[in-house]
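Shown next, in structure tokens, is the structure this report addresses.
Owing to the predicted nature of the structure, the values given are computational and were not obtained by experimental measurement. For this chain, numbers begin at 1 and follow the sequence in order.
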Amino acid sequence: TFFGNRARPSSNSSQDKKNDLVSNVWIYILELFEADGPYLRVEVWSMTFVCLNFLRFVAILIVIPLWVVLGLCTVGLFWPPQIRQKLMRQQISRKRSAAVVKTEQQKHEIRNLKNSVANVRHELVTSLAKQKEAIEEMRTEMADLHSDVVSELRSVKETLDALFELHNFRG
């Protein structure tokens, strides 16, 4: 609960004994209001019932507000240990650790993306190099074919010239 743990701490030093006393008083005040507490089995309109409700009334209107005001004036010194622990415990570490975990996940994702981009870049460079090689091979083949066609055309021309001369010589 917000008002702290009901467990009674054990202690050895005088400061711890003072905290135990304050802690125990706080626990007894809380037990006045608990539905399953030791004061549940009280007959209605009996003297115990009237005293219990009077104690509740005093606790609600006098003791708890006075305790809160004293605690505020002394920066929590007079508050019960349960309240000090609940209000003054640093909870940033959980949020920070969650933020750190999220940041680490984001860094990991960024590293993975950088690796993926580097892999894609390497594949593109490799692919372009292969395509350049293929284009150079095609150019070489085209140049060879061109020279073959030109030489064939020359030989055809020479053959036609020879046939034409032969035809003119006979005719």
query: Do the non-hydrogen side-chain atoms of Leu128 and Gln131 ever get within less than 4.5 Å of each other?
result: yes
- line: Here the gap from Ile29 atom CD1 to Asn24 atom CG, rounded to the nearest 0.5 Å, amounts to 11.5 Å
statement: Separation between OG (Ser147) and CD (Glu152), nearest 0.5 Å, reads 10.5 Å
- prompt: Does Leu52 share a hydrophobic cluster with Phe54, counting links as ILVMFWY side-chain heavy atoms below 4.5 Å and allowing steps through other members?
  reply: yes
task: Please lay out, stage by stage, how Val117 and Lys114 fare under the test side chain to side chain contact (heavy atoms under 4.5 Å, CB included).
output: CA-CA 5 Å; Val117 167; Lys114 283 182 179 179; 5.7 Å; no
- line: Rounded to the nearest 0.5 Å, the CE atom of Met138 sits from the CD atom of Glu133 at a distance of 12.0 Å
query: So, the side chain of Ser127 versus the backbone of Leu124: is there a donor-acceptor pair under 3.5 Å, distance only?
result: no
field: is_close_aromatic(Trp26, Trp79), centroid dist under 6.0 Å
entry: no
message: In the structure I gave you, are the side-chain heavy atoms of Trp67 and Val25 within less than 4.5 Å of one another anywhere?
response: yes
message: Using the rule that Ile, Leu, Val, Met, Phe, Trp and Tyr join whenever any side-chain heavy atoms are under 4.5 Å apart, tell me whether Ile60 and Ile62 fall into a single cluster.
response: yes
query: What distance do Asp161 atom CG and Asn168 atom CG have between them, rounded to the nearest 0.5 Å?
result: 10.5 Å
task: Could you pull out the closest heavy-atom pair between Ala59 and Pro65, with the gap in Å?
output: O-CD, 3.9 Å
Spacing of Gln105 atom CD and Lys107 atom NZ [to the nearest 0.5 Å]: 12.5 Å
field: Short N-O contact, Arg139 and Glu136, less than 4.0 angstrom
entry: yes
Connected via hydrophobic side-chain network under 4.5 Å: Val69 and Ile64: no
- prompt: How far does CD of Glu141 sit from CG of Asp148, to the nearest 0.5 angstrom?
  reply: 11.5 Å
message: Are Val120 and Ile110 linked, directly or through intermediate hydrophobic residues, by side-chain heavy-atom contacts shorter than 4.5 Å (ILVMFWY only)?
response: no
task: Compare all side-chain heavy atoms of Leu160 with those of Phe164 and state whether any distance is below 4.5 angstrom.
output: no
query: Side chains of Leu153 and Lys157: does their closest heavy-atom pair fall under 4.5 Å?
result: no
